[in-house]
Protein chains: 2
Amino acid sequence: MANLGIKDIAALANVSPATVSRVFSAPDMVSKKTLNKVKKVIDEVGYRPNRMGASLRTRKSGNIVAIIPDITNPVNAGIIRAIEQGAQSAGYSVLLGDTQGLEEREQHYADLVSHGQADGILLFCSRIPFKTDPNKSLLEQLPPMVNGNERIDSDEVVQVAVDNVAAAKSAIDYLISLGHKRIAAITGPDDIASSNERLEGYQLALKEAGIELDSALQLEGDYVVESGMDCASQLLLLPQRPTAIFCFNDDMAIGVMKFLQKQGFVVPDDISVMGFDDINYAKYVTPSLTTVHQPLNEIGSTCIELLLKQLKGQVVEPGRRYLPFELKLRGSTGKAPK
Amino acid sequence: MANLGIKDIAALANVSPATVSRVFSAPDMVSKKTLNKVKKVIDEVGYRPNRMGASLRTRKSGNIVAIIPDITNPVNAGIIRAIEQGAQSAGYSVLLGDTQGLEEREQHYADLVSHGQADGILLFCSRIPFKTDPNKSLLEQLPPMVNGNERIDSDEVVQVAVDNVAAAKSAIDYLISLGHKRIAAITGPDDIASSNERLEGYQLALKEAGIELDSALQLEGDYVVESGMDCASQLLLLPQRPTAIFCFNDDMAIGVMKFLQKQGFVVPDDISVMGFDDINYAKYVTPSLTTVHQPLNEIGSTCIELLLKQLKGQVVEPGRRYLPFELKLRGSTGKAPK
DNA sequence: TAAAATTTTGTAATCGATTACTTAATTTTT
DNA sequence: AAAAATTAAGTAATCGATTACAAAATTTTA
């Protein structure tokens with residue numbers, strides 16, 4: 001069964017191709033009688049309009065591409081799920097661009113737009129994957145795009161995220177309120193904007209509380225469990241150990257706890273541990289992990305909403321939009337030991 | 001800057017559109033001299049060939065669609081990552097079809113193929129999302145497709161998975177070897193084929209060991225942590241408690257452990273707990289979780305490989321391909337108490 | 001009921017590439 | 001150096017829809 005095209009349907013129903021097209025795109029422009037006639041033919045032969053044909057003419061692919069560093073990261077997966085949902089109900093499909101953090105791949109996926117294979121970009125990385133002309137304003141060079149969860153250093157980009165500075169600060173404020181003074185931070189890689197923002201919040205909170213910064217308490221991790229373990233072991237070797245460790249994601253916090261426990265420390269009695277993200281398993285480790293909750297669903301749905309707006313031709317004010325974080329106080333943090 | 005098309009490039013370079021086309025698709029069919037001439041124009045004006053135009057003509061979209069019940073499930077995410085990798089390096093893009101388990105959505109995504117928006121399907125569900133004509137053979141009605149990780153009841157479909165029967169059986173064999181006789185199973189929803197297969201393996205192992213099946217020890221869960229907790233509480237109410245609990249995924253096993261511990265039981269001294277999947281966090285819960293490892297990367301890469309083969313026009317023998325599972329013996333299982 | 005207004009349908013150009021086929025240019029053979 | 005063989009380039013049809021515009025049919029108005 002060679003696939004039938006709009007012209008075949010038109011012939012079978014004794015109408016013009018234009019009419020068949022209108023049956024789909026503007027059914028109330030065609031009379032009841034012909035509408036039924038055409039519809040009948042359509043489902044008799046099982047006709048499906050070819051999207052490539054339409055896309056070529058309309059210059060809309062109906063796809064958006066989501067560029068993310070790693071889909072196995074539960075934070076990203078949660079966001080993507082919400083995006084997929086929103087896109088689907090607006091008639092869009094989502095192209096998954098898992099980059100493994102490689103710039104080359106970020107560009108590859110961004111290029112889908114210039115090839116007409118996608119109409120817009122949801123970007124979860126901290127660099128702009130285009131060669132841009134520094135003479136012109138960014139705004140007029142970018143395709144419809146929303147930057148989510150990460151930070152791009154430009155106020156001409158539409159951005160959606162949690163206020164990482166404020167979130168980290170409020171995490172540290174909480175630890176300080178428990179009496180902690182020696183508070184370590186295990187950061188993410190230093191080319192990740194959100195990690196740097198969290199670091200800023202950490203330092204801000206300590207300064208405000210009049211606690212001196214100690215660079216020995218600031219370690220760079222890479223967001224995986226093992227790296228939490230490594231950093232924890234370094235911290236334990238310090239002449240003056242921290243009484244609390246704030247990790248910039250939950251995975252590292254889990255690694256820290258695991259390592260401390262292996263060494264015979266009791267969390268939180270000896271050392272408090274705090275994470276960031278509030279992944280599902282944070283509740284179920286032992287002790288349950290105190291952490292900063294990120295509203296993944298809301299992040300995802302806001303991103304897609306703002307992108308869809310742009311795709312409809314509406315103007316979206318560039319700049320950052322902050323979504324509310326929430327401290328989840330659980331079992332891994334407690335009063336500072338004296 | 002209105003976007004330039006192949007004709008514009010041809011005009012600028014003083015060649016025919018055919019030649020420009022060949023610069024991309026068959027560069028060694030064009031002479032060095034013209035090749036350079038055309039290439040120069042191409043990157044002077046930043047020309048990007050429009051994929052819709054090409055797709056329309058070639059009837060290949062360059063997309064494949066991955067239909068999965070839930071991207072936030074780490075098992076699915078791991079598989080998808082491998083798929084994305086393989087697809088990308090073969091020049092394909094992946095459309096993400098997260099269905100939330102809804103048949104309607106499965107169909108929606110499968111339809112992308114009949115609309116020419118995707119060339120093939122990677123299906124991780126246990127039903128075929130097409131209306132099929134029972135008179136003809138399935139084989140000739142299906143588009144290029146691979147069914148992964150789940151089971152479809154037809155030997156005309158290309159399938160890739162772990163042998164769930166054997167995997168579950170060997171899990172139970174192991175528990176039996178530790179002296180357990182009262183072994184509970186917490187299954188997945190009963191419309192999930194893989195769950196039913198695991199159940200089969202469970203029952204098979206018990207029978208072979210001459211242990212009588214006890215329907216009170218077989219509870220249906222739904223693969224989330226809370227459901228593990230619920231089922232655990234039911235099992236504890238039994239007059240004769242199990243000494244080991246085999247959960248059909250790790251999340252439920254984590255829930256079971258958490259609940260048992262809350263009730264003051266010691267895992268594994270009082271009750272052993274075993275999971276299935278070997279998600280990343282299985283290693284990091286306390287005690288670490290004994291489970292059945294699924295080779296996510298290999299599942300994903302095998303799926304995409306078999307699909308790409310079909311897309312290249314090669315014939316792929318339908319039927320199941322089993323990938324090796326592995327028992328991960330960790331801290332949550334131990335000798336049966338006497 | 002004829003004219004005007006409105007609704008419905010049709011015609012044909014168009015989107016941007018690919019490719020079978022033809023023609024032109026170049027190289028090889030004799 | 002002419003003929004044959006090979007390589008390079010061009011011509012024009014084609015993929016399947018959409019849509020501006022024109023024409024026909026229908027309804028409303030006077």
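In what follows, every chain begins at residue 1, and chains take the letters A, B, ... in the order their sequences are listed.
Within 6.0 Å of CD in B:Gln314 there are more than 12 heavy atoms belonging to other residues, nucleotides or ligands.
Under the side-chain hydrogen bond (donor to acceptor under 3.5 Å, both in side chains) criterion, no residue pair touches residues 295-310 of chain A, with sequence neighbours excluded. For the side-chain hydrogen bond (donor to acceptor under 3.5 Å, both in side chains) condition, the pairs that include at least one residue of residues 92-103 of chain B, sequence neighbours left out, are B:Asp98-B:Gln100. Among residue pairs with one or both ends in residues 36-45 of chain B, none qualify as side-chain hydrogen bond (donor to acceptor under 3.5 Å, both in side chains); sequence neighbours excluded. Residue pairs meeting the side-chain hydrogen bond (donor to acceptor under 3.5 Å, both in side chains) criterion with at least one member in residues 123-132 of chain B, sequence neighbours excluded: B:Glu106-B:Arg127.
Distances shown here put a side-chain N or O of A:Ser21 below 4.0 Å from the OP1 or OP2 atom of D:dT18.
In terms of modelled atom types and a separation under 3.5 Å, the side chain of B:His115 and the main chain of A:Pro49 share a donor-acceptor contact. Side chain of A:Glu156 to main chain of A:Pro318: no donor-acceptor pair is present (N/O by atom type, distance under 3.5 Å, no hydrogens or angles).
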Base versus backbone protein contacts along nucleotides 7-14 of chain D [heavy-atom cut-off under 4.0 Å; B, S, -]: -SBBB-BB
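Using a 4.0 Å heavy-atom cutoff across all strands shown, B:Phe24 reaches no nucleic acid atom at all.
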N/O to N/O distances under 3.5 Å, protein versus nucleotides 4-6 of chain D:
none

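Protein atom CG of B:Leu4 is 15 Å distant from nucleotide atom C1' of C:dC15, rounded to whole Å. To the nearest angstrom, P of C:dA17 lies 12 Å from CZ of B:Arg48. Atom-to-atom, CD1 of A:Ile6 to C1' of C:dT9 comes out at 14 Å; the value is rounded to the nearest Å. In this entry the distance linking CE of B:Met52 with P of C:dA17 reads 12 Å, nearest Å. Distance B:Lys7 NZ to C:dC15 P: 7 Å, rounded to the nearest Å.
The distance from atom OG of B:Ser89 to atom CG of B:Leu308, rounded to the nearest 0.5 Å, is 8.0 Å.
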